[in-house]
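Comments concern the structure below.
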Number of protein chains: 2
Amino acid sequence: MRVGIEDVAQLAQVSTATVSRALRGLPRVSPATRARVLSVAQELGYVPSRSASGLASGRTETVGLLVPSVDRWYFGHAIEGVDQVLRDSGYNLLLFSLGGTSAYGRQRSFSETMVRKQIDALLVLTLELSPEEVLQLHHTGIPVLSVGGPVAGCPGVFIDDSAAAQAATEHLIALGHRNIGYLRGGPQDEQDFEVPNLRTAGFETAMSRAGLQLRPEWMVPGNYTVSGGVRAAAQIFDLAGENPTAIFCGSDEMALGVMFEAQRRGIRIPAELSLIGIDDHDFSAPAGLTTMAQNPWDQGRVAATMVLAELGGVAGSVQEKIMPFALLERNSTAPPQR
Amino acid sequence: MRVGIEDVAQLAQVSTATVSRALRGLPRVSPATRARVLSVAQELGYVPSRSASGLASGRTETVGLLVPSVDRWYFGHAIEGVDQVLRDSGYNLLLFSLGGTSAYGRQRSFSETMVRKQIDALLVLTLELSPEEVLQLHHTGIPVLSVGGPVAGCPGVFIDDSAAAQAATEHLIALGHRNIGYLRGGPQDEQDFEVPNLRTAGFETAMSRAGLQLRPEWMVPGNYTVSGGVRAAAQIFDLAGENPTAIFCGSDEMALGVMFEAQRRGIRIPAELSLIGIDDHDFSAPAGLTTMAQNPWDQGRVAATMVLAELGGVAGSVQEKIMPFALLERNSTAPPQR
DNA sequence: CTGTTAGCGCATTCAG
DNA sequence: CTGAATGCGCTAACAG
């Protein structure tokens, strides 16, 4: 019942070599032969064995995707984008999740051996790899590309996080806010990945350019999660003394958390508090959250496309690419009440 | 530079067969030999080629996971659970996303050939497969198990969706509500998958048992998404005549959408409107949403564990399993205002 | 407990 | 344009 290339060859009355060429669209097969082989293969329901072709050709037609976790907005969408272009090209997607529960933190460690000899290229999502890990990876000789953030030693596809954060903060400043809070990542995020720090830098740049003071008590960690945002908001709201009139959140999820907590306390948005995030999370439009939008789906697509081009023989296809971000004004920002 | 089993064998002064046995933990290898082989393999950085071992053994040590999309709460968490147990057992996870944008809808079609000869088992997430597709799958001879909902013709791991919906509705009724609305899936969801219909059935059962009338104008589609929930809520709120005092939402995402819209209109929850969902989405606790909780992460783990046991030789390991759900009372439900 | 011998199913030379 | 032969790197009998 198991149909192999041999069966197709026999029925089509050609050699297995010809079947192989015909099926893969290689040249040097007459149109007539190709058609015959194709129809026979179809009829028999022949599917080449990946193991066998992989062993024989040295190519697995599989791309690995290393992610901190899959159950978060950015990752889910980026994975979806990658999957889409891979699938359309007949490539397989081997998923490696480190099962992190925090935004960027990883629970399990990544070993180069997980990946060795079974993929043609590796995409790394938003993960800080240590120099040794990158070295190991390069050692395998396969193309490595990061998505969503920079990884030292290999090109990446991502937005200019610092610029995005700066622009978001400047939106608040342009609205007239001077007392601006900032929700950053947790210690874990900041250690494991560079993006949080870039966003912090962008915030600080905007503030200092506007001649505004940084208020340490208004710069609190939120772990990039909704519940972290809730906690951070509570912490700021509970502060004695004046409250910020606006908060820039390093992610929409945190901003949404702040919204929930504000509502709970009867703090009106944007009348009493302006809020801006980064991402354009699925929930942001329904919630009316102003944000600096980015598109992980697109970033995944772009990265996967580059990798496929590289594997397709176009050397130099894999290169750094800065993706766009854009301000989406909704209903969570307004000039400060006076 | 490429180190194969032969290299290890030479350096360890044994045959390749012994290396293979030692590395895979098979019996019939003396402890001393095994230790030596292991250390040599380690030293050389040897990793067996998946292609080669797959070809030779007929097993790929890879499990396929077919999902409607990855960028939604249920799927993301279930995938995470599956990945975790697979990875812990040294298995690979091959991801096939159909790229659906709606909750259950699929954008692309699934072909059995995508999966043939490259996986040892297939997990199907919350997707309605046609009888022919199931047949094709069974034809491949690999174990197939569904997660998150029933698929005719193969066992599954999921909650009793009808009972969960009924229990959620009964919570509202027990609180004293009699005017109860219901947010269901969109036409696409209901066609592509059975879960939405099961939840609807549970709602209707609870209502009829309590002797309550179904109000068609209060039973509106929400596509299982936040934005769908916003639209559905608007539709209900805009109705002339009395409003429901409570709404049961077929998913937390829709319930969250209703919350956003209610807040926009100044409708207080739970004072003026009680809300209950199903899922326990990550946002539900921060939002204070009462829900009938389920745990997709766990469901994924259980399913993957069964499949591994089956592949490990324990025939009959893959079987239907009903998972628990539980009411989580938070702050979105209360007795009706009178 | 260990080595020898055959393939696994296909892609690739190299002839023709 | 096509076929025959070779081997990818490993596992699985089978001997010993």
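Naming: A, B, ... by sequence-line order, numbering from 1 per chain.
Checked against A/L86 for a side-chain contact (heavy atoms from CB on, under 4.5 Å), the options A/L65, A/L93, A/L94 give a single hit: A/L93.
At whole-Å resolution of the value, CZ in B/R50 and C1' in D/dC8 are 18 Å apart. Note: NZ (A/K117) to P (D/dT11) measures 11 Å, nearest angstrom.
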I'd like to know whether B/E80 forms a side-chain contact (heavy atoms from CB on, under 4.5 Å) with A/S97, so could you lay out the CA-CA distance, the side-chain angles of the two residues, the decisive distance to 0.1 Å, and finally the verdict. CA-CA 7 Å; B/E80 195 68 72; A/S97 170; 2.6 Å; yes

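Within the 4.0 Å cut-off from OP1 or OP2 of C/dT4, not a single side-chain nitrogen or oxygen of B/S15 is found. For the OP1/OP2 pair of D/dC10 and a distance below 4.0 Å, the side-chain nitrogens and oxygens of B/S53 include no atom meeting the criterion. Phosphate proximity of D/dG3 to A/T18: present, with a side-chain N or O under 4.0 Å from OP1 or OP2. Residue B/T16 places no side-chain N or O under 4.0 Å from the OP1 or OP2 atom of D/dT11. Of the side-chain N and O atoms in A/R24, one or more sit less than 4.0 angstrom from OP1 or OP2 of C/dT12.
A/R50 is listed as a side-chain neighbour of A/N92, based on a closest heavy-atom distance under 4.5 Å.
B/T33 comes within 4.0 angstrom of sugar-phosphate atoms only, judged by non-hydrogen atoms across all strands, and of no base. Among the protein residues, B/R59 comes within range of the sugar-phosphate backbone only, with heavy atoms under 4.0 Å from sugar or phosphate atoms but none that close to a base. Residue contacts shown for B/V14 are limited to sugar-phosphate atoms, with no base heavy atom under 4.0 Å away.
For A/I5, the listed nucleotide lying nearest its side chain is C/dC10; candidates were D/dT2, D/dG9, C/dC10. In the set C/dT12, C/dC10, D/dC10, the nucleotide with an atom closest to the side chain of A/S49 is C/dC10. Residue B/A17 has its side chain nearest to D/dA13 when only D/dC1, C/dT12, D/dA13 are considered. Residue B/S20 places its side chain closer to D/dT11 than to any other of D/dT11, D/dG3, D/dG9.
For the pair B/R21 and A/A52, both in contact range of DNA chain D, the more 5′-proximal nearest nucleotide belongs to A/A52.
For the residue pair B/T62 / B/Q118, no side-chain donor-acceptor distance below 3.5 Å is found, with atom types taken as modelled. B/R301 and B/T305 share no side-chain donor-acceptor pair at under 3.5 Å.
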